[in-house]
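The model shown is predicted, which means the values in this text are computed figures rather than measured ones.
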Amino acid sequence: MTAQAPDGRLAGKIALVAGAGSSAAGWSIGKASCVTLARQGASVVTLDADLAAAEDAAHEVELAGGSALPVRADVADAHAMQAAVDAARRRYGRIDILQANAGIGKVGGPEDISLEDWNRIQQVNVTSLLIATRLLAPMMREQGGGAIVTVSSVAGIRYTGYPHLAYSVSKAAVIHFARMAAQQYAPDRIRVNTVIPGLIDTPRVARNVARMFDEDARAASAARDRQVPMGRMGTPWEVANAVAFLASDEASYITGTELVVDGGLTGKYA
């Protein structure tokens, strides 16, 4: 775990983290973000499609000394998201920060990916941003401002070595959605930015990479380490620190842009 920023940066803020849980034991970007935001003073609504995962993230927030509300919702379901936002408002009265972290993917090129899988990936990764923004932007406007931090991927800005078409296209859309929303909401003091993680060592990545490329998870992990100029994959905590910065008042003049957290990966020639 990396060193944390000083406590109090987000004191009094209420954060909703969509995609807060981890798909397996260990730390996902969403779960690490929940704890990082809490350590810096925010109360956290831990939202996940899996209630047990949401509750696990909330438990970690409470262990870190924070306040948490676990809620279950499919981010692509407008009615479920409305109910989740209503529950958050009943508990905390407001929402100041949205971290749009939920995302799914499936390997395959244009001739491999089914239309059903394509549509579901776009709904979870992109349409969910529209749903959440429509729910939260009016509230943030009334409150005098807020921060939306979307989570994309280096797959949204470059080819990553294997066919991941639906996911990559959706993550490119996440970046541009944030850029467009930032322009519209800048007069309302609602900042919208994107964190672009590179190769991050999470339970989901470890499982998927081992399955796709090598039955030996350690060998697959070592191969990914070698791809990065810094010689290692990043940790969920390093991404979470970037999220917390963009959500904080320290980033008060930053909107409509991207913060790449990739150990130099996207700067490589080959």
Side-chain angles (χ1 to χ4, degrees), residues 5-21 30-49 51 54-55 57-62 64-75 77-102 128-151 177-178 181-182 184-195 240 242-256:
D7 291 342
R9 170 195 266 175
L10 299 173
K13 302 289 188 182
I14 311 300
L16 189 157
V17 178
K31 188 172 166 183
S33 295
C34 290
V35 171
T36 299
L37 294 170
R39 284 177 173 162
Q40 298 184 18
S43 298
V44 185
V45 181
T46 62
L47 184 151
D48 201 274
L51 181 58
E55 291 174 337
H59 177 64
E60 294 294 343
V61 166
E62 290 165 353
S67 170
L69 172 67
V71 293
R72 180 192 177 280
D74 178 345
V75 292
D77 183 332
H79 295 293
M81 286 298 292
Q82 178 70 71
V85 169
D86 289 345
R89 291 193 76 172
R90 284 194 298 271
R91 168 70 70 88
Y92 295 115
R94 59 189 290 137
I95 298 174
D96 304 287
I97 298 162
L98 166 66
Q99 185 201 352
N101 181 71
S128 62
L129 296 179
L130 176 64
I131 292 170
T133 302
R134 287 167 66 95
L135 287 170
L136 295 179
M139 186 190 318
M140 290 179 175
R141 184 186 298 117
E142 291 175 5
Q143 294 166 182
I148 297 173
V149 183
T150 68
V151 178
F177 181 97
Q184 179 172 345
Y185 293 117
D188 300 314
R189 299 182 62 197
I190 300 171
R191 298 180 299 100
V192 190
N193 293 291
T194 301
V195 173
V243 169
F245 166 67
L246 289 174
S248 76
D249 290 342
E250 292 174 18
S252 59
Y253 200 56
I254 300 174
T255 196

For [Y], is there any backbone N or O sitting under 3.5 Å from a side-chain donor or acceptor partner on [X]?
X      : Y      : result
Arg72  : Ala49  : yes
Gln143 : Ile95  : yes
Thr255 : Val192 : yes

Kindly give the heavy-atom pair with the smallest separation between [X] and [Y], and that separation in Å.
X      : Y      : result
Ala132 : Leu98  : CB-CD2, 3.7 Å
Ile190 : Ala137 : CD1-O, 3.5 Å
Asp74  : Met81  : O-CG, 3.8 Å
Ser248 : Arg191 : O-NH2, 3.0 Å
Thr46  : Pro70  : OG1-CA, 3.2 Å
Tyr92  : Ser67  : OH-OG, 2.7 Å

Check whether any side-chain heavy atom of [X] lies under 4.5 Å from a side-chain heavy atom of [Y], and answer yes or no.
X      : Y      : answer
Ile131 : Val75  : no
Val195 : Leu246 : yes
Val44  : Glu60  : no
Ile148 : Met140 : yes
Ile254 : Asn193 : yes
Leu47  : Val71  : yes

Residue of the set Val61, Val149, Leu10 for which side-chain contact (heavy atoms from CB on, under 4.5 Å) holds with Leu37: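 Of the listed residues Val61, Val149, Leu10, the side-chain contact (heavy atoms from CB on, under 4.5 Å) partner of Leu37 is Leu10.
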For Lys13 and Asp249: C-alpha separation, side-chain torsions, deciding distance, then whether side-chain contact (heavy atoms from CB on, under 4.5 Å) applies. CA-CA 11 Å; Lys13 302 289 188 182; Asp249 290 342; 4.1 Å; yes
Reported [atom1]-to-[atom2] distance for the pair [X] and [Y], which is rounded to 0.5 angstrom:
X      : Y      : atom1 : atom2 : answer
Asp188 : Glu142 : CG    : CD    : 11.0 Å
Ile97  : Ser33  : CD1   : OG    : 11.0 Å
Leu16  : Asn101 : CG    : CG    : 11.5 Å

For the residue pair Tyr185 / Thr133, report whether a side-chain donor-acceptor contact shorter than 3.5 Å exists.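 There is no such pair (donor and acceptor under 3.5 Å, judged by atom type) between the side chains of Thr133 and Tyr185.
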When you look at Val85 and Met139, which way does the side-chain contact (heavy atoms from CB on, under 4.5 Å) test go after all the steps? CA-CA 10 Å; Val85 169; Met139 186 190 318; 3.7 Å; yes
Would you say that more than 12 heavy atoms from the other residues, nucleotides or ligands in this model lie under 6.0 Å from the CZ of Arg189, or not?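 Counting neighbours around CZ of Arg189, 12 or fewer heavy atoms of other residues, nucleotides or ligands fall under 6.0 Å, so no.
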